[in-house]
Amino acid sequence: DSGSGSIGMHTLVKGAVARVTGFGAGNQGLVAKLREIGFAEGDEVELLAKGWKPVLFLGLLGVGGYNTFAYIALQYTSATNAVLLNSFIPVATIAISWAFLGKHLRRLEGLGVVISLCGALTIVARGDPAVLAHLNLNLGDAWMLFAVVVWAVYTVGLAWRPAGVHPMLMLAAMTAV
């Protein structure tokens, strides 16, 4: 039902197939088309169009950038190394939040990050710390670290997403980018 804000697969597919030429405040054709296929209600599309810069930025980073760089990384590194490096996303996100937004971690949050990293290291090392000492770093690891930083910037950048836009519409817009 269109009043619930949920989007069915049929509507999602129709929205993905629709020709989207770009977002702009004056693109009334796009607004009409998104409403016609039941993809948005009210002022959501206008809010999305007005906030096109963060949508573009977030789409390029989160949907496009992270996945692209992670897939490139996996051409050159092992899945084990990629998973280990991926576990640094919370740390990178916290560091970027601190550096650019001045946000500070509470003790309990810091403890959670440490526990998370220890858990990831334990899984990757299969309980044997000597395994970590023998990990070989390569070009793929550099790509994966870049993907981690890109995802962390994307996560912090979500603070600037257009307000009032349903999360599914935001996701569709970022994916379309």
Side-chain angles (χ1 to χ4, degrees), residues 4-9 12 16 23 44 47-48 50-177:
S4 70
S6 64
I7 297 175
M9 185 53 77
L12 186 61
F23 290 106
E44 287 184 315
L47 293 171
L48 190 63
K50 287 178 184 173
W52 70 269
K53 288 179 185 178
V55 172
L56 177 65
F57 177 75
L58 293 168
L60 290 173
L61 285 178
V63 177
Y66 172 79
N67 289 306
T68 299
F69 300 131
Y71 287 126
I72 291 170
L74 289 167
Q75 301 301 309
Y76 301 100
T77 194
S78 68
T80 300
N81 282 19
V83 168
L84 176 60
L85 293 169
N86 204 53
S87 70
F88 285 99
I89 287 176
V91 174
T93 303
I94 290 164
I96 290 170
S97 292
W98 173 77
F100 294 102
L101 303 177
K103 294 197 174 189
H104 297 283
L105 212 55
R106 292 183 289 226
R107 286 182 190 207
L108 189 58
E109 292 168 328
L111 179 62
V113 169
V114 169
I115 291 170
S116 174
L117 284 174
C118 288
L121 290 171
T122 301
I123 291 167
V124 169
R126 295 179 300 277
D128 182 5
V131 170
L132 297 177
H134 292 65
L135 285 177
N136 295 322
L137 299 179
N138 56 46
L139 177 63
D141 298 331
W143 279 108
M144 195 63 212
L145 279 173
F146 188 63
V148 164
V149 171
V150 164
W151 188 262
V153 171
Y154 161 78
T155 302
V156 172
L158 285 171
W160 293 285
R161 70 187 180 276
V165 177
H166 190 279
M168 290 303 292
L169 179 58
M170 185 69 188
L171 176 62
M174 289 187 301
T175 303
V177 169

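The salt bridge (charged side-chain N to carboxylate O under 4.0 Å, His left out) check on Arg107 picks up nothing, with sequence neighbours excluded.
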message: Determine whether Asn86 and Tyr66 satisfy the following criterion, side-chain hydrogen bond (donor to acceptor under 3.5 Å, both in side chains), listing intermediate values before the conclusion.
response: CA-CA 11 Å; Asn86 204 53; Tyr66 172 79; 2.6 Å; yes

field: CA sep, side-chain torsions, deciding dist, call: Met170, Leu58, side-chain contact (heavy atoms from CB on, under 4.5 Å)
entry: CA-CA 10 Å; Met170 185 69 188; Leu58 293 168; 3.7 Å; yes

message: What verdict does the side-chain contact (heavy atoms from CB on, under 4.5 Å) test give for Asn81 and Met144, after you've listed the backbone C-alpha separation in whole Å, the side-chain angles of each residue and the deciding distance to 0.1 Å?
response: CA-CA 9 Å; Asn81 282 19; Met144 195 63 212; over 6 Å; no

message: Ile72 vs Thr68, test: side-chain contact (heavy atoms from CB on, under 4.5 Å). Steps then yes/no.
response: CA-CA 6 Å; Ile72 291 170; Thr68 299; 3.9 Å; yes

- request: Any chance you could lay out the side-chain contact (heavy atoms from CB on, under 4.5 Å) test for Val150 and Phe69, step after step, and finish with the verdict?
  value: CA-CA 9 Å; Val150 164; Phe69 300 131; 3.9 Å; yes

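Nearest approach of Gly140 to Ala73, heavy atoms of both residues: O-CB, 3.2 Å. Closest approach of Ala79 to Leu74, counting heavy atoms only: CA-CD2, 4.2 Å. Nearest heavy-atom pair across Ala147 and Ala70 is CB-N, 3.8 Å. Between Ile96 and Ala152, the shortest heavy-atom contact is CD1-CB, 3.7 Å. Minimum interatomic distance between Pro129 and Gly127 (heavy atoms only, all atoms of both residues): CD-O, 3.5 Å.
From Phe88, atom CZ reaches atom CG of Leu145 across 8.0 Å, with rounding to the nearest 0.5 Å. With rounding to the nearest 0.5 angstrom, the CG atom of Asn67 is 11.5 Å from the CG atom of Leu61.
Within the structure, the side-chain hydrogen bond (donor to acceptor under 3.5 Å, both in side chains) test picks out the following pairs touching residues 150-159 (sequence neighbours left out): Trp151-Thr155.
Environment of CG in Leu101: crowded, with over 12 heavy atoms of neighbouring residues, nucleotides or ligands closer than 6.0 Å.
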